[in-house]
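Each ligand, and each atom within it, is numbered from 1 in the order the structure gives. Worth saying up front: this structure is predicted, and the values here are computed from it rather than measured.
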Amino acid sequence: MEKSRIDLPIGITLDRFIKSNQSQYPNAAGELSQLLRDIALASKVVNREINKAGLVDIMGYVGLMNSGGDHQQKLDLLANTRFTRALSKGGEACGIASEETDEFIDLKNNGKYVVTIDPLDGSSNIDVNVSIGTIFSIYKKKSAENEPLSEADFLQKGRDQIAAGYILYGPSTMLVFSTGNGVNGFTYESTLGEYVLSHPALVFKNESTFYSMNEGLSLDLIDNGIATYIHACKEQRMSGRYIGSLVADFHRNLLKGGIFLYPRTHKYPNGKLRLLFEANALAFIAEQAGGIATSNDSSVLDIQPNNIHQTIPFYVGPKMMVKQLLSHLNF
Ligand code: AFP
């Protein structure tokens with residue numbers, strides 16, 4: 001090996017980062033750190049399976065639909081199992097609500113936290129080898145220690161998240177998360193089996209460079225302001241970028257400066273994206289990175305959820321861009 005490579009430092013691993021930031025969670029006695037490690041471990045397994053998805057017979061539909069009406073794919077189920085297993089073995093989470101299951105799971109332990117998760121988002125991109133992701137939120141269990149877990153423990157406002165993050169399975173795999181003290185991004189070094197801090201203190205680039213919306217929806221929009229806003233983007237000669245995997249679109253906009261929109265349509269009059277499994281986590285990260293996320297008339301993080309699979313219209317990006325969008329929507 002060349003000498004220069006031998007000398008190169010590995011950098012700050014996720015474990016070391018979590019340990020050195022432990023003092024930021026004075027009431028957590030290490031459980032939150034362990035929970036984040038459990039999620040990271042499961043993501044490595046999912047990453048391994050995704051990487052060989054084209055090689056073995058784990059791709060394609062299993063013929064089932066989830067409660068949102070999407071086809072479930074084999075990797076969706078695999079990811080759901082992996083995250084559920086890691087969280088139940090860890091013992092820090094007492095319950096999980098997953099986009100892939102109709103009801104929440106009570107893990108029947110004394111864990112302090114509940115987790116909401118979309119184990120594999122953007123799954124229609126799996127069999128065309130395009131980036132996909134995992135999105136998670138962590139909340140404190142609301143009910144008393146001796147009380148059984150109930151749906152109310154999951155129906156918490158996004159503002160009450162203790163931590164949130166996503167994993168992007170792309171050209172490289174990244175874990176991006178926040179515990180309410182800024183946003184940090186870690187890249188997976190597969191030969192070491194470690195996430196290494198690669199994007200410390202991420203902040204939204206405040207430039208109006210990109211907009212991300214499925215423009216195929218333009219004939220189905222309920223709110224006229226969306227069309228006038230997109231027109232204004234075009235007048236500013238902004239570029240459109242839409243991958244169709246929320247994590248990938250969000251991550252791109254975070255790094256390059258851009259807004260993501262999924263408005264309400266005649267097909268999805270309440271929006272398509274799930275408040276608990278997709279929007280809240282990304283809204284939390286966006287705010288921690290200096291951006292904002294809104295639904296039509298309120299900040300995403302202030303919405304009181306009324307059911308686990310609730311969907312909302314979702315707009316997220318740099319403050320200036322989201323404010324400009326809102327000036328086109330008359331709420
Ligand atoms: P899938 O997981 O079913 O592929 O849905 C992905 C998603 O929830 C989100 O990741 C995308 O931003 C959005 O749906 C794409 O929706 P459209 O295909 O309607 O643009």
Worksheet entry | For Leu276, the option from Thr311, Ile117, Ile308, Ile312 that meets side chain to side chain contact (heavy atoms under 4.5 Å, CB included) | Ile308

Worksheet item: Of the options Thr81, Asp76, Asn80, which is the one that meets Ser98 in a side-chain hydrogen bond (donor to acceptor under 3.5 Å, both in side chains)?
Response: Asn80

Worksheet item: Hey, are Asp121 and Tyr166 close enough side-chain-wise for a donor-acceptor pair under 3.5 Å?
Response: no

Worksheet entry | N or O pair under 3.5 Å between Leu120 and ligand 1 | no

Discussion item. Is a donor from one side chain sitting under 3.5 angstrom from an acceptor on the other, for Tyr169 and Thr134?
Written reply: yes

Worksheet item: Which atoms from ligand 1 have a heavy atom of Ser124 less than 4.0 Å away?
Response: 4 (O)

Worksheet item: What atoms of ligand 1 come within less than 4.0 Å of a heavy atom belonging to Arg274?
Response: 8 (O)

Worksheet item: Judging by distance only, is a nitrogen or oxygen of Asp121 under 3.5 angstrom from one on ligand 1?
Response: yes

Practice prompt. Report, in ascending order of atom number, the atoms of ligand 1 lying under 4.0 Å from any heavy atom of Lys272.
Written response: 5 (O), 13 (C), 14 (O), 15 (C), 16 (O), 17 (P), 18 (O), 19 (O)

Discussion item. If we only consider heavy atoms of Tyr268, is any one of them less than 4.0 Å away from an atom in ligand 1?
Written reply: no

Worksheet item: So which bit of Leu246 gets within less than 4.0 Å of ligand 1, heavy atoms only: side chain, backbone, both or neither?
Response: both

Worksheet entry | Cluster overlap Leu282 with Leu326, hydrophobic side-chain contacts below 4.5 Å | yes

Discussion item. Please tell me whether Glu103 and Thr101 have a donor and an acceptor in their side chains that are separated by less than 3.5 angstrom.
Written reply: no

Worksheet item: Looking at ligand 1, does any of its N/O atoms fall within less than 3.5 Å of an N/O of Ser245?
Response: no

Discussion item. Taking the six-membered ring of Phe210 as reference, does the cationic atom of Arg252 (NZ for Lys, CZ for Arg) lie under 6.0 Å from its centre and within 45° of its axis?
Written reply: yes

Worksheet item: Quick one: does Leu217 get an N or O within less than 3.5 Å of an N or O on ligand 1?
Response: no

Item to complete: Ignoring angles and geometry beyond distance, decide whether Asp249 reaches within less than 3.5 Å of ligand 1 through its nitrogen or oxygen atoms.
Response: no

Fill in: Ligand-residue contact atoms, ligand 1 with Gly244, heavy atoms, under 4.0 Å
6 (C), 10 (O), 11 (C), 15 (C)

Practice prompt. Using a strict cut-off of 4.0 Å, indicate which atoms of ligand 1 neighbour a heavy atom of Asn214.
Written response: 17 (P), 19 (O), 20 (O)

Worksheet entry | Ionic contact status for Lys157 with Asp302, cut-off 4.0 Å | no

